[in-house]
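Down below is the structure, laid out as structure tokens.
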Amino acid sequence: MTLLNVLNHLLNFVAPAAALALLLPLAGRCIRFRAPAALAWRRRAAIVFLVGVATLVAGLMLWERDGKMPTYAALVLACASCEWVLLRGWKR
């Protein structure tokens, strides 16, 4: 496998986490209206991305295969929970 193929596989592996990491802080900005966020959106996106990649790696280790639907369900739950904690959702 060439270096370009390895890079392609890694980028495709983390693509769902990257998509959620970019969309959730933007959606959080729309939902929170006037309340200031605890962290800047870039920092929140980076944290959500790391949580998402960790979830994908855990799913890969658990099922020894990428692309299982329970992994993607866990990814959505983990990223949404992380964003809720970062926005201090319990204080609303």
Side-chain angles (χ1 to χ4, degrees):
M1 190 180 286
T2 66
L3 182 61
L4 189 59
N5 286 341
V6 171
L7 182 63
N8 186 26
H9 282 283
L10 286 176
L11 288 176
N12 285 323
F13 178 72
V14 299
L20 280 174
L22 292 176
L23 292 175
L24 282 176
L26 294 176
R29 176 181 278 176
C30 294
I31 293 171
R32 284 284 286 190
F33 297 120
R34 296 183 183 159
L39 296 172
W41 75 271
R42 289 181 181 151
R43 188 166 289 178
R44 287 193 340 251
I47 293 170
V48 170
F49 177 72
L50 291 176
V51 167
V53 170
T55 305
L56 289 173
V57 169
L60 180 64
M61 291 172 52
L62 181 64
W63 283 288
E64 297 177 353
R65 186 161 188 254
D66 178 33
K68 292 280 196 173
M69 289 308 291
T71 302
Y72 291 136
L75 171 69
V76 170
L77 288 173
C79 289
S81 299
C82 179
E83 182 70 15
W84 181 75
V85 168
L86 292 173
L87 285 176
R88 298 180 181 157
W90 64 89
K91 290 187 178 183
R92 290 188 88 188

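Sequential numbering from 1 along the given sequence is applied to the chain's residues.
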Side-chain atoms of residues 50-60: list all donor-acceptor pairs with protein atoms under 3.5 Å, sequence neighbours left out, distances to 0.1 Å.
from: T55; atom 1: OG1; to: V51; atom 2: O; distance (Å): 2.8

Would you mind writing out the side-chain donor-acceptor pairs for residues 16-23 within the sub-3.5 Å range, not counting sequence neighbours?
none

*Quick one: side-chain hydrogen bond (donor to acceptor under 3.5 Å, both in side chains) pairs with a partner in residues 9-24, sequence neighbours left out?*
N8-N12
*What pairs of residues pass the side-chain hydrogen bond (donor to acceptor under 3.5 Å, both in side chains) test when at least one of them lies in residues 69-78, not counting sequence neighbours?*
none
If two hydrophobic side chains count as joined below 4.5 Å and joins carry through other members, does [X] share a cluster with [Y]?
X: V48; Y: L77; result: no
X: V14; Y: M69; result: yes
X: M61; Y: F13; result: yes

_Rounded to the nearest 0.5 Å, what separates atom CG in L24 from atom CG in L87?_
9.5 Å
*Who else is in the cluster with W63 when I, L, V, M, F, W and Y are joined by side-chain contacts under 4.5 Å?*
L62
*asked:* Clusters formed by hydrophobic residues whose side-chain heavy atoms approach within less than 4.5 Å: which one holds L7, and what are its other members?
replied: L11
*For D66, check side-chain hydrogen bond (donor to acceptor under 3.5 Å, both in side chains) against everything at least two apart and list the hits.*
none
